[in-house]
Every structure is written in C-alpha cells, then in structure tokens.
Amino acid sequence: QLQLVESGGGLVQPGGSLRLSCAASGFTLDYYVIGWFRQAPGKEREGVSCISSSGDGTDYADSVKGRFTISRDNAKNTAYLQMNSLKPEDTAVYYCAVEPPGWWEATGRAVCRMNVAGFGSWGQGTQVTVSS
C-alpha cells in the first residue's frame, strides 16, 4: 500500500523555522517527482514546491522563494521541506504527494511542476501555524 506520512509541523513565531518531513512506505520514491502543497482554511490547495526524481530540478511558488528549500533523500525514502523566515500567511495544512513518471520523464530533463491534479498518494497533512 502506497503511503506518505508528513511530520514536523507545529506552532512557530513569525521569522521562525520548521522542517517538514515526508516519509514513504510501500514504495520507493526514487522514480517519482515529489511535491509539497498547502491548504489554508477557506482556500484551495496550492503548490509550494516540487523536486525532480533525480533531485537536480526544483521549483517554488513565488511566495516562498528564497525562504523554503525542498530536498530528498532517496536512501531514507524521505523528502523534506525546510521553511525559514516563516510568515503568518504560511499558516496552513501542508501535504506531500508524488507524481509518477509521465510528462517529465519524456523530457529527459530534471524538471517538475506544481500541478495539483497530477499528483497522488497524498499524505494526511501536517499543520503549520505561524503566530505570535
């Protein structure tokens, strides 16, 4: 059974940092693009960051560029999202998900895109609250 489990969320003051983890079980992450998404109350789920299967390609939402860093450790079957300089508007439930080989594999390049519809095997999410 494919399963992703997020952890690392919590309450942090503005300007603080958190590191989210996304652990996979039942399959290996090696051949998947990994994405981080978030959903705030009353808002649609949005893409935060993604990382190519090789780890060489990444992308970020404009709102988090320069503050968040995505990474993956295939040996540990885990992905991470390092979040620095957190702002109240970063408050949301954060989810990780995977995108199987498809359009990106055909390019032969280390690419990814934060297209919610292309991702699956969603985790249960972890709450991040940024507040003083």
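What you are looking at is a predicted structure, and each value in this text was computed from that prediction instead of being measured. We use all heavy atoms of the structure for the numbers below, so side chains are in, but hydrogens, waters and symmetry mates are not.
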Trainee: Just checking, any donor-acceptor pair under 3.5 angstrom between side chains of Ser54 and Ser52?
Mentor: yes

Trainee: So, do Thr126 and Ser7 sit near enough that their side-chain heavy atoms are less than 4.5 Å apart?
Mentor: no

Trainee: Working to the nearest 0.5 angstrom, can you tell me the gap between Arg19 CZ and Met83 CE?
Mentor: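 Reported to 0.5 Å precision, the distance equals 11.5 Å.
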
Trainee: Is there side-chain contact between Leu11 and Ser131, with heavy atoms separated by less than 4.5 Å?
Mentor: yes

Trainee: Spell out, as yes or no, whether a donor-acceptor pair under 3.5 Å connects the side chain of Arg72 to the backbone of Gly55.
Mentor: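 Checking the backbone N and O of Gly55 against the side chain of Arg72, no donor-acceptor pair under 3.5 Å is found.
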
Trainee: Quick check for you: to the nearest 0.5 Å, what is the distance between Thr78 atom OG1 and Leu20 atom CG?
Mentor: 13.0 Å

Trainee: CD/Glu99 to CH2/Trp104 distance, rounded to the nearest 0.5 angstrom?
Mentor: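 Output value for this atom pair is 8.0 Å.
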
Trainee: How far does CG of Leu86 sit from OG1 of Thr91, to the nearest 0.5 angstrom?
Mentor: 8.5 Å

Trainee: Are Val48 and Val128 linked, directly or through other ILVMFWY residues, by side chains that come within less than 4.5 angstrom of each other?
Mentor: yes

Trainee: Donor-acceptor pair, distance only, cut-off 3.5 Å: does the side chain of Asn115 make one with the backbone of Gly47?
Mentor: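 Between the backbone of Gly47 and the side chain of Asn115 there is no qualifying donor-acceptor contact (under 3.5 Å).
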
Trainee: Identify the heavy atoms of Arg38 and Ser63 that sit nearest to each other, and give their distance.
Mentor: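 That would be NH2-OG, 3.4 Å.
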
Trainee: Tell me if the aromatic rings of Trp36 and Phe68 count as close, with their centers under 6.0 Å from one another.
Mentor: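 No, too far apart.
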
Trainee: Can you see which heavy atom on Leu4 is nearest to which on Ala24, and at what distance?
Mentor: CD2-CB, 3.7 Å

Trainee: Taking all non-hydrogen atoms of both residues, which atom of Val98 and which atom of Ser121 are closest, and how far apart?
Mentor: CG2-CB, 4.0 Å

Trainee: Looking at Glu89, I'd like to know if its CD atom is crowded, meaning that more than 12 non-hydrogen atoms belonging to other residues, nucleotides or ligands lie closer than 6.0 Å.
Mentor: yes

Trainee: Given the rule that I, L, V, M, F, W and Y join up when any side-chain heavy atoms are under 4.5 Å apart, are Tyr95 and Val64 in one cluster?
Mentor: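 Different hydrophobic clusters.
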
Trainee: For the pair Lys65 and Asp62, find out whether any cationic side-chain nitrogen is under 4.0 Å from an anionic carboxylate oxygen.
Mentor: yes

Trainee: Are Tyr80 and Val12 in one and the same hydrophobic cluster, where Ile, Leu, Val, Met, Phe, Trp and Tyr link if side-chain heavy atoms are under 4.5 Å apart?
Mentor: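 In one cluster: no.
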
Trainee: Does Val33 share a hydrophobic cluster with Trp103, counting links as ILVMFWY side-chain heavy atoms below 4.5 Å and allowing steps through other members?
Mentor: yes

Trainee: State, to 0.1 Å, how close Phe119 and Ile34 come at their nearest heavy-atom pair, and which atoms those are.
Mentor: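 Scanning both residues completely, I find the closest heavy atoms to be CE2-C, 3.9 Å.
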
Trainee: What are the two closest heavy atoms between Gly8 and Leu18, and how far apart are they?
Mentor: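 So the two residues come closest at O-CD2, 3.7 Å.
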
Trainee: Do Leu29 and Phe27 come close enough that some side-chain heavy atom pair is under 4.5 Å?
Mentor: yes

Trainee: May I ask you to decide if Glu6's main-chain N or O and Gln124's side chain share a donor-acceptor pair within less than 3.5 Å?
Mentor: yes

Trainee: Do you know which two heavy atoms are closest between Arg45 and Val116, and how far apart they sit?
Mentor: O-CG2, 3.9 Å

Trainee: Taking the side chain from Asp59 and the backbone from Cys50, do they hold a donor-acceptor pair closer than 3.5 Å?
Mentor: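 Judged by distance alone, no pair lies under 3.5 Å.
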
Trainee: Under a 3.5 Å distance rule, please check whether Tyr60 uses its side chain to pair with a backbone N or O of Ile70 as donor and acceptor.
Mentor: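 Looks like yes, one N/O pair under 3.5 Å.
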
